Peer 1: 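Can you keep this structure in mind? I'll have questions shortly.
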Amino acid sequence: MPERGRFLTFEGGEGAGKSTQIARLAASLRQKGLSILTTREPGGSPGAESIRTLLVTGTTGRWDAISEALLNFAARRDHLVTTIWPALQRGEWVLCDRFADSTVAYQGYGGKMSISAIRRLYTVAVGDFAPDITLVLDVPVLVGLGRAIERGGGEDRYEQMDRDFHERLRMGFLAIARREPKRCVVIDGTASADDVQVAILDAVLSRLGTGTA
């Protein structure tokens, strides 16, 4: 049996730079001889990708926070069963763009849903499984939204939320990181892409190593 892989998650608000940095970290780790799978939430499996469309398109009032959380956890369960857990069992390192911290931040802090209720959903859908490390890319709200608008695309439902929502969202991610410092590392997302890449790789290697000679 291969050694179990590692599960790394990237979190942050809109326009934090997660997609760019996941691709860069994946390339760096592959150079070290690791087998890497990159994936995303909501999504990452056929069923979860179908649910993603419901969540990230349409009007801001399409769902309330509880409906969003239920949809996210339905997608997350399918993602885990279909994609993440099998990859980890094969010994792959899984790099995921968002995971359950996003539900706490978006639906809990942003949407004002009970965080204890979200944690109960987590227990049902995920159990005691958790990321080995979470990189929280932090940028000021206006910086992140500016990047997201410049990037464009049709998946802009959350970008259309008001500024207060995004401020609560940012504070939520930082609160999660303070609550779980052994798992979470906050990265200054306003630095250059190269500097962010170095900070992320340093954090990953110092905490997890690579398991390679």
Side-chain angles (χ1 to χ4, degrees), residues 5-16 18-19 21-23 26 36-90 92-137 148 151 153-161 165-166 168-169 172-173 176 180 183-184:
R6 299 299 186 97
F7 184 44
L8 294 73
T9 58
F10 284 68
E11 298 286 1
E14 303 299 318
K18 295 179 285 74
S19 299
Q21 294 302 329
I22 287 174
I36 304 297
L37 172 69
T38 61
T39 188
R40 68 177 183 177
E41 287 207 349
S45 64
E49 288 290 336
S50 296
I51 295 173
R52 178 186 180 87
T53 302
L54 299 175
L55 284 162
V56 301
T57 62
T59 63
T60 57
R62 183 177 189 180
W63 311 103
D64 68 3
I66 295 174
S67 299
E68 290 176 350
L70 291 168
L71 286 167
N72 271 296
F73 274 107
R76 183 163 298 128
R77 179 68 188 182
D78 189 67
H79 187 205
L80 285 166
V81 171
T82 304
T83 303
I84 295 174
W85 286 337
L88 294 175
Q89 288 299 314
R90 294 192 299 266
E92 297 178 34
W93 283 38
V94 178
L95 278 54
C96 190
D97 185 343
R98 301 198 182 283
F99 191 61
D101 292 322
S102 278
T103 307
V104 174
Y106 275 77
Q107 283 71 54
Y109 286 88
K112 301 182 180 180
M113 178 182 171
S114 163
I115 292 173
S116 63
I118 294 172
R119 290 181 180 139
R120 290 196 295 273
L121 289 174
Y122 187 102
T123 299
V124 172
V126 184
D128 59 3
F129 175 74
D132 293 293
I133 186 172
T134 296
L135 294 309
V136 179
L137 275 62
R151 178 184 64 208
E155 295 185 343
D156 62 352
R157 179 169 171 263
Y158 287 102
E159 293 166 19
Q160 297 176 44
M161 302 286 189
F165 172 89
H166 289 282
R168 293 195 302 273
L169 179 64
F173 280 121
I176 291 166
E180 297 190 59
R183 174 174 67 85
C184 298

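What you are looking at is a predicted structure, and each value in this text was computed from that prediction instead of being measured. Sequence positions, counted from 1, serve as the residue numbers for this chain.
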Peer 1: Less than 4.5 Å apart, any side-chain heavy atom of I115 and any of Y109?
Peer 2: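 Contact flag for I115/Y109 side chains = yes.
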Peer 1: Just to verify, what does D78 make a salt bridge (Lys or Arg N to Asp or Glu O under 4.0 Å) with, not counting sequence neighbours?
Peer 2: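 Salt bridge (Lys or Arg N to Asp or Glu O under 4.0 Å) check on D78 returns nothing, list empty.
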Peer 1: Are E14 and H166 linked by a side-chain donor-acceptor pair shorter than 3.5 Å?
Peer 2: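 No.
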Peer 1: With rounding to the nearest 0.5 angstrom, report the OG1 to CG distance, T123 to D128.
Peer 2: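 T123 atom OG1 to D128 atom CG measures 9.0 Å (nearest 0.5 Å).
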Peer 1: Do the two ring centres, one from W85 and one from F129, sit under 6.0 Å apart?
Peer 2: yes
Peer 1: Does some side-chain heavy atom of H79 sit less than 4.5 Å from a side-chain heavy atom of E49?
Peer 2: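 No, side chains not in contact.
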Peer 1: Could you tell me which non-hydrogen atom of A75 sits nearest to which non-hydrogen atom of I51, and how far apart they are?
Peer 2: N-CD1, 3.7 Å
Peer 1: Do the side chain of E41 and the main chain of D97 share a donor and acceptor less than 3.5 angstrom apart?
Peer 2: no
Peer 1: Give a yes or no answer on whether the side chain of R77 reaches the backbone of V124 with a donor-acceptor pair at less than 3.5 Å.
Peer 2: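 Pair absent, no side-chain N/O of R77 close to backbone of V124.
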Peer 1: Does some side-chain heavy atom of W63 sit less than 4.5 Å from a side-chain heavy atom of L71?
Peer 2: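 The answer is yes, as the side chains (C-beta and beyond) meet within the 4.5 Å cut-off.
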Peer 1: About how many Å separate CD of Q107 and CG of L121, when rounded to the nearest 0.5 Å?
Peer 2: 10.5 Å
Peer 1: Specify the closest pair of heavy atoms between T60 and R157, including all atoms of both residues, with the distance to one decimal.
Peer 2: O-NH2, 3.0 Å
Peer 1: Decide yes or no for V136 and I176: does some side-chain heavy atom of the first lie under 4.5 Å from some side-chain heavy atom of the second?
Peer 2: no
Peer 1: Strictly by modelled atom types, are E155 and T57 linked by a side-chain donor-acceptor pair under 3.5 Å?
Peer 2: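 T57 and E155 do not have a side-chain donor-acceptor pair below 3.5 Å.
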Peer 1: Taking all atoms of both residues into account, what is the closest heavy-atom pair of A87 and V94, and its distance?
Peer 2: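 Closest approach of A87 to V94: CB-CG2, 3.7 Å.
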Peer 1: We want to know whether T9 and T134 form a side-chain donor-acceptor pair, criterion being a heavy-atom distance below 3.5 angstrom.
Peer 2: yes
Peer 1: Distance under 6.0 Å and angle within 45° of the ring axis: does R76 meet both against F73?
Peer 2: yes
Peer 1: Output the distance between atom CD (Q21) and atom OG (S19), rounded to the nearest 0.5 Å.
Peer 2: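 If I round to the nearest 0.5 Å, the distance is 10.0 Å.
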Peer 1: Any side-chain heavy atom of M161 within less than 4.5 Å of one from R168?
Peer 2: no
Peer 1: Using the ring centroid of each side chain, check whether F7 and F99 are separated by less than 6.0 Å.
Peer 2: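 Yes - the distance between ring centres of F7 and F99 falls below the 6.0 Å cut-off.
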Peer 1: So S102 and E11, side chain to side chain donor-acceptor pair (under 3.5 Å) or not? Walk me through it.
Peer 2: CA-CA 7 Å; S102 278; E11 298 286 1; 2.4 Å; yes
Peer 1: Side chains of R98 and Y106: do they bring a donor and an acceptor to under 3.5 Å?
Peer 2: yes
Peer 1: If you measure from the Lys or Arg side-chain nitrogens to the Asp or Glu carboxylate oxygens, is any gap between D101 and R183 under 4.0 Å?
Peer 2: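 Counted as a salt bridge, because a side-chain N and a carboxylate O are separated by less than 4.0 Å.
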Peer 1: Would you say the side chain of L88 lies within less than 4.5 Å of the side chain of W93, judging by non-hydrogen atoms?
Peer 2: no
Peer 1: For residues I36 and A26, report the shortest heavy-atom separation together with the two atoms involved.
Peer 2: CG2-CB, 3.8 Å
Peer 1: Would you say the side chain of L80 lies within less than 4.5 Å of the side chain of V126, judging by non-hydrogen atoms?
Peer 2: yes
Peer 1: Do C96 and L8 come within less than 4.5 Å of each other through their side chains, counting heavy atoms only?
Peer 2: no
Peer 1: Donor-acceptor pair, S45 side chain versus T82 backbone, under 3.5 Å?
Peer 2: no
Peer 1: State the OG1-CG distance between T103 and N72, to the nearest 0.5 angstrom.
Peer 2: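 That separation rounds to 4.0 Å.
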Peer 1: Looking only at heavy atoms, which two atoms of G111 and A65 are closest? And how far apart?
Peer 2: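 Taking every non-hydrogen atom into account, O-CB, 3.7 Å.
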Peer 1: Taking atom CE of M113 and atom CD1 of I118, what is their separation to the nearest 0.5 Å?
Peer 2: 5.0 Å
Peer 1: Locate the shortest heavy-atom distance separating Y122 from A130; write the atom from each residue and the value.
Peer 2: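 It is OH-CA, 3.6 Å.
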Peer 1: Could you grab the distance from atom OG1 of T59 to atom CD of Q160, nearest 0.5 Å is fine?
Peer 2: 8.0 Å
Peer 1: Would you please test D64 and K112 for salt bridge (Lys or Arg N to Asp or Glu O under 4.0 Å) and show each step?
Peer 2: CA-CA 10 Å; D64 68 3; K112 301 182 180 180; over 6 Å; no
